[in-house]
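Down below is the structure, laid out as structure tokens.
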Amino acid sequence: MSFDTTAANRKAGRFEDRDELWLFGYGSLIYKAGFDYIERQPATITGWQRRFWQGSHDHRGTPDVPGRVATLVEAPGAICIGMAYRITPAVFGHLDHREKNGYLRFATEMRFADGRRDEGLVYIATADNEAWLGDASIDAIAGQIAVSHGPSGPNRDYLLNLAEALRALDADDAHVFAIEARLREIEAEHGR
Ligand code: SIN
């Protein structure tokens with residue numbers, strides 16, 4: 001089964017008419033760029049919260065043992081902090097490939113520390129994509145992350161890198177920090 005959203009993103013062509021635009025990252029895009037950008041700075045978006053509800057069959061897991069990675073789900077009034085990158089459409093090829101396991105390009109308004117607002121792009125995996133895993137207990141999510149590995153490395157590294165990056169941004173993300181705490185307990189229980 002293919003979860004590949006690359007063709008859908010190319011077909012929709014969202015933001016490809018721009019010379020430059022802002023990309024909002026809230027998961028691995030916070031701590032690992034891996035593409036050229038003009039500048040970056042922390043930003044927030046409103047009405048969305050980070051959740052480890054998306055399956056990773058290509059980066060942090062496999063089709064048989066999928067990992068769990070972050071997506072955004074709607075939450076009226078919630079503020080999600082992340083990292084904004086000013087990019088050109090030249091990096092869409094890289095981004096579409098990297099986010100191909102269910103993520104689509106959406107428009108969002110982001111707000112910067114100085115109060116400035118701008119419209120930009122965010123990759124979101126919605127509940128109707130084939131790699132969607134959805135809600136589960138913190139224990140179940142942490143347990144799945146503890147055992148999943150993929151071509152980009154252990155699923156645990158994705159979670160721990162994200163938690164560290166969120167702390168550096170002074171983010172108060174109870175969901176991510178609760179999974180991190182449970183993962184550490186699971187690893188301690190298994191002498192890791
Ligand atoms: C993002 O970081 O903005 C998207 C999800 C991911 O690549 O982890």
Side-chain angles (χ1 to χ4, degrees), residues 3-6 8-9 12 14-15 21-37 40-61 66-75 78-87 91-112 118-134 141 144-145 148-169 171 173 175-177 179-180 183:
F3 305 131
D4 200 334
T5 45
T6 312
N9 277 319
R14 216 166 238 171
F15 289 103
L21 67 145
W22 286 103
L23 164 72
F24 180 81
Y26 55 87
S28 69
L29 288 173
I30 297 182
Y31 62 82
K32 182 178 172 220
F35 53 87
D36 290 334
Y37 57 87
R40 71 174 191 166
Q41 49 182 287
T44 57
I45 60 174
T46 301
W48 296 91
Q49 62 191 7
R50 206 172 345 252
R51 287 292 178 264
F52 269 81
W53 290 1
Q54 176 65 5
S56 180
H57 304 75
D58 59 344
H59 280 300
R60 299 291 181 168
R68 275 187 179 258
V69 290
T71 187
L72 294 178
V73 297
E74 284 188 81
I79 294 178
C80 179
I81 188 160
M83 186 62 74
Y85 298 84
R86 198 148 64 83
I87 60 170
V91 297
F92 279 154
H94 170 92
L95 290 169
D96 288 348
H97 179 74
R98 174 171 168 169
E99 305 298 331
K100 69 184 185 331
N101 205 51
Y103 294 82
L104 293 172
R105 300 181 205 163
F106 286 93
T108 187
E109 185 186 74
M110 58 194 92
R111 184 177 185 146
F112 300 94
D118 208 342
E119 195 204 37
L121 167 69
V122 60
Y123 282 84
I124 297 176
T126 55
D128 54 3
N129 86 85
E130 291 189 60
W132 176 261
L133 295 177
I141 294 176
Q144 186 171 352
I145 289 173
S148 301
H149 301 251
S152 299
N155 203 174
R156 75 181 289 281
D157 290 357
Y158 178 105
L159 168 66
L160 299 180
N161 288 337
L162 178 57
E164 187 183 325
L166 289 173
R167 272 193 203 91
L169 289 172
D173 195 315
H175 175 78
V176 174
F177 295 145
I179 300 168
E180 179 198 25
L183 176 83

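The chain is numbered in sequence order, starting from 1. Both counts, for ligands and for their atoms, begin at 1 and track the order of listing.
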query: Between the main-chain N or O of G27 and the side-chain N or O of Y158, is there a donor-acceptor pair closer than 3.5 Å?
result: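 Not a single qualifying donor-acceptor pair exists.
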field: Check: N129 side chain, Q54 main-chain N or O, donor-acceptor pair, under 3.5 Å
entry: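 No; judged by distance alone, with no hydrogens or angles, the pair does not exist.
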Based purely on interatomic distance, does [X] place a nitrogen or oxygen under 3.5 Å from a nitrogen or oxygen of ligand 1?
X	result
Y123	no
Y103	no
G27	yes
G25	no

List the closest protein heavy-atom neighbour of [atom]: residue, atom name, distance to the nearest 0.1 Å.
atom	value
atom 7 (O) of ligand 1	E99 OE2, 2.7 Å
atom 6 (C) of ligand 1	S28 OG, 3.4 Å
atom 8 (O) of ligand 1	Y158 OH, 2.5 Å
atom 3 (O) of ligand 1	Y26 N, 3.0 Å

task: Dump the intermediate steps for side-chain hydrogen bond (donor to acceptor under 3.5 Å, both in side chains) on Y103 and D96, then the final yes or no.
output: CA-CA 8 Å; Y103 294 82; D96 288 348; over 6 Å; no
task: Please lay out, stage by stage, how W22 and F112 fare under the test ring pair (Phe, Tyr, Trp, His ring centres under 6.0 Å).
output: CA-CA 11 Å; W22 286 103; F112 300 94; 4.7 Å; yes
task: Is it possible for you to check whether R14 lies under 6.0 Å from the centre of the six-membered ring of F92, through NZ or CZ, and within 45° of that ring's axis?
output: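 Here R14 fails the 6.0 Å and 45° test against F92.
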query: Think R98 forms a cation-pi with F35, using NZ or CZ under 6.0 Å from the six-ring centre and within 45 degrees of its axis?
result: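 No, R98 and F35 do not form such a contact.
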query: What do you reckon, are the aromatic ring centroids of F15 and F106 less than 6.0 Å apart?
result: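 No, they do not, as the ring centres are separated by 6.0 Å or more.
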- prompt: Which ligand 1 atoms does L29 reach within 4.0 Å, using its non-hydrogen atoms?
  reply: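 This gives 1 (C), 2 (O), 3 (O) as the contact atoms.
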